[in-house]
Amino acid sequence: MTDASEKLMKTSTTPEKDQFAVLSAVGGCLAMAAVMGIGRFVYTPVLPFMLQDGTLNEVSAGFIASSNYLGYLLGALLAARAPLPGGPYRIFMIALITSTVVTFLMAFSLGAYWFVVIRFLAGLASAYAFVLVANIVMQRLAETRSLHFFPIHFTGVGIGIAGSSLMIEWLGASLESSSQLWIASGSLSLLLSLCVPFLLPPRKELHPRSASHAIQAETTTKPLNLSAWRLIFAYGCFGFGYVITATFLGALASSTPELAPMKSLGWLLVGLAIIPSVFFWEKLAVRISYGRAIAVACTLEAIGVALSVLMPTIAGLSAAAILLGGTFVGITSIGLVEARRLASSNPRQIVGLMTAAFGLGQMFGPSFAGYLYELNGDFLLASLVAAGALILAALLTIKRFTPA
């Protein structure tokens, strides 16, 4: 927590403020479920049905996934810049609506090139919404001394993944095409989005008096040291390492008839594992240091990624799904906290560089996997390379960092 945030929290908590804080956190949770759990990640459980009905092949599927991650990279970097026309809340709501609209657009058989554009826009919208709603919720919780409710906000990713997976599992057996699954996903996103402004209504946000001093500090910041650059590179390896399994988990299950039940249920396990992991990794990081916690999480995720191809059974894929879901959102959260600690004089610089490294890694991963699939007919080599990237990330972060 920054000094500016602590200065904001001078008033004591009351039942009314607690209620406001909980509603804000729940509103953020539903927004995350819509733009991340569905808008960004529902492509994974729908993809096996798109491959099955011939809408896509593995190569085009990889390029389409990469375009989504490119959009996310650009959106995250643009959202971090100020000022925003119309204010953060208005842009957040536009991004929330856009995420729902482009989810519906995936239902139309427009061809791979148009799908690339649509998923790029989905990535752009989800990044804007992710960055802006996190800042809005965190600020409102800080004002009421209720930052302990903030993990509720991040559980939305897992809730959205789990909820959409259950829906697809339920509908997948009876619907005739993947287009209908996209319509159902868009409808669920719309329902969640309509609830957000009631729980997280627009208001004039407060700003710390020290904002002008913070801006001045950014112009005189020190260069990042070796520890900071190690974390940035590790974060890029993590982006590459998680994304291949995260994109093709359903496709891995559909490659073998015995694994067919895991097409949607595997992604459900990912979502369910995310929800408690948000709380777990924060507590572990406080106890053993954030760098070491990142290393532990990357190692466990590497095991899960390797299991997805080395143990092609229901037990193996289940373990892979749980290890993936139980780590990747946690690494994202504690990684950004560690970045702010390493460069307290200018966190915006290191967070921007980490976002860029992460985005490049996850943008390259699906296309790399799709290319190797075309050469080898499976995801074995791509997944093992991804596991190796995660081990490298763990080695880069296991040593206790010193502030920049």
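Heavy-atom basis, side chains included; hydrogens, waters and symmetry copies ignored.
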> Hey, are the side chains of T103 and L190 touching, using non-hydrogen atoms and a 4.5 Å cut-off?
no
> Pair S109, T55 - check side chain to side chain contact (heavy atoms under 4.5 Å, CB included), show working.
CA-CA 8 Å; S109 299; T55 303; 5.6 Å; no
> Keeping the roles fixed (side chain from S66, backbone from S367), state whether a donor-acceptor pair exists under 3.5 Å.
yes
> Can you tell me how far CZ of F328 sits from CG of L323, rounded to the nearest 0.5 angstrom?
13.0 Å
> Do the ring planes of F41 and Y242 sit parallel (below 30°), tilted (30 to 60°) or perpendicular (above 60°)?
perpendicular
> Would a distance-only check, ignoring hydrogens and angles, find a side-chain to backbone donor-acceptor pair under 3.5 Å from N68 to I64?
no
> Compare every heavy atom of V278 with every heavy atom of V329, then report the nearest pair and how far apart it is.
CG1-CG2, 4.1 Å
> One pair to check against side chain to side chain contact (heavy atoms under 4.5 Å, CB included): L231 and I294. What are the steps and the verdict?
CA-CA 10 Å; L231 179 61; I294 294 168; 4.1 Å; yes
> What pair of heavy atoms forms the shortest contact from A61 to L47, and how long is it?
CB-CD1, 3.6 Å
> Return the CD1 to CD1 distance between I274 and I322, rounded to the nearest 0.5 Å.
12.5 Å
> May I ask you to decide if L380's main-chain N or O and D378's side chain share a donor-acceptor pair within less than 3.5 Å?
yes
> Mind checking whether F92 and Y89 have parallel, tilted or perpendicular rings, split at 30° and 60°?
perpendicular
> On a heavy-atom basis, which atom in V102 and which in I118 lie closest, and how many Å separate them?
O-CG2, 3.4 Å
> Could you go through the side chain to side chain contact (heavy atoms under 4.5 Å, CB included) check for I136 and R140 one step at a time?
CA-CA 6 Å; I136 290 168; R140 295 187 186 188; 3.6 Å; yes
> Do L259 and L252 make a side-chain contact, defined as non-hydrogen atoms from C-beta onward lying under 4.5 Å apart?
no
> Assess, by modelled atom type and distance only, whether the side chains of D53 and S178 contain a donor and an acceptor separated by less than 3.5 Å.
yes
> Any side-chain heavy atom of V133 within less than 4.5 Å of one from L200?
yes
> For the CD1 atom of I275 and the CD1 atom of I152, what is their distance to the nearest 0.5 Å?
12.0 Å
> Which pairs, with at least one residue in residues 150-169 and sequence neighbours excluded, count as a side-chain hydrogen bond (donor to acceptor under 3.5 Å, both in side chains)?
none
> Assess the pair F240 and F368: is the distance between their ring centroids shorter than 6.0 Å?
yes
> Could you measure the distance from the CZ atom of F198 to the CG atom of L30? Nearest 0.5 Å is fine.
12.5 Å
> Whether R40 engages the ring of Y72 as a cation-pi pair (distance to the six-membered ring centre under 6.0 angstrom, angle to the ring normal within 45°) should be assessed.
yes
> Is the shortest side-chain heavy-atom distance between C298 and I391 below 4.5 Å?
no
> For residues Y235 and I331, report the shortest heavy-atom separation together with the two atoms involved.
CE1-O, 4.0 Å
> Considering all heavy atoms of both residues, which atom of V305 and which atom of G241 are nearest to each other, and what is their separation?
CG2-O, 3.8 Å
> Would you say that F20 contacts T144 through its side chain, given a criterion of any heavy-atom pair below 4.5 Å between the two side chains?
yes
> For the pair Q180 (side chain) and S177 (backbone), establish whether a donor and an acceptor sit closer than 3.5 Å, ignoring hydrogens and angles.
yes
> Is there a side-chain contact between F104 and S187 in this structure, where contact means two heavy atoms from C-beta onward sitting under 4.5 Å apart?
yes
> Any side-chain hydrogen bond (donor to acceptor under 3.5 Å, both in side chains) pairs touching residues 277-288, not counting sequence neighbours?
E282-Y290
> Please determine whether side chain to side chain contact (heavy atoms under 4.5 Å, CB included) holds for the pair M262 and L249, giving the CA-CA distance in whole Å, both sets of side-chain angles, and the decisive distance to 0.1 Å.
CA-CA 9 Å; M262 296 298 295; L249 182 63; over 6 Å; no
> Using side-chain heavy atoms (C-beta onward) and a distance below 4.5 Å, is M50 in contact with V46?
yes
> Taking side chain as C-beta onward, heavy atoms only, is V42 less than 4.5 Å from I168?
yes
> Return the minimal non-hydrogen interatomic distance between I38 and S189, and the atom names on each side.
CD1-N, 3.9 Å
> If you round to the nearest 0.5 Å, how far is CG of L392 from OG1 of T397?
9.5 Å
> Would you say CZ of F279 has more than 12 non-hydrogen atoms from neighbouring residues, nucleotides or ligands within 6.0 angstrom?
yes
> More than 12 heavy atoms of other residues, nucleotides or ligands under 6.0 Å from OH of Y371: is that the case?
no
> So, S99 versus Y128: side-chain donor-acceptor pair below 3.5 Å or not?
no
> Could you measure the distance from the CG atom of L96 to the CG atom of L192? Nearest 0.5 Å is fine.
9.0 Å
> Can you tell me which residue among F233, F364, Y69, F238 is in a ring-ring contact (aromatic ring centres under 6.0 Å, His included) with F358?
F238
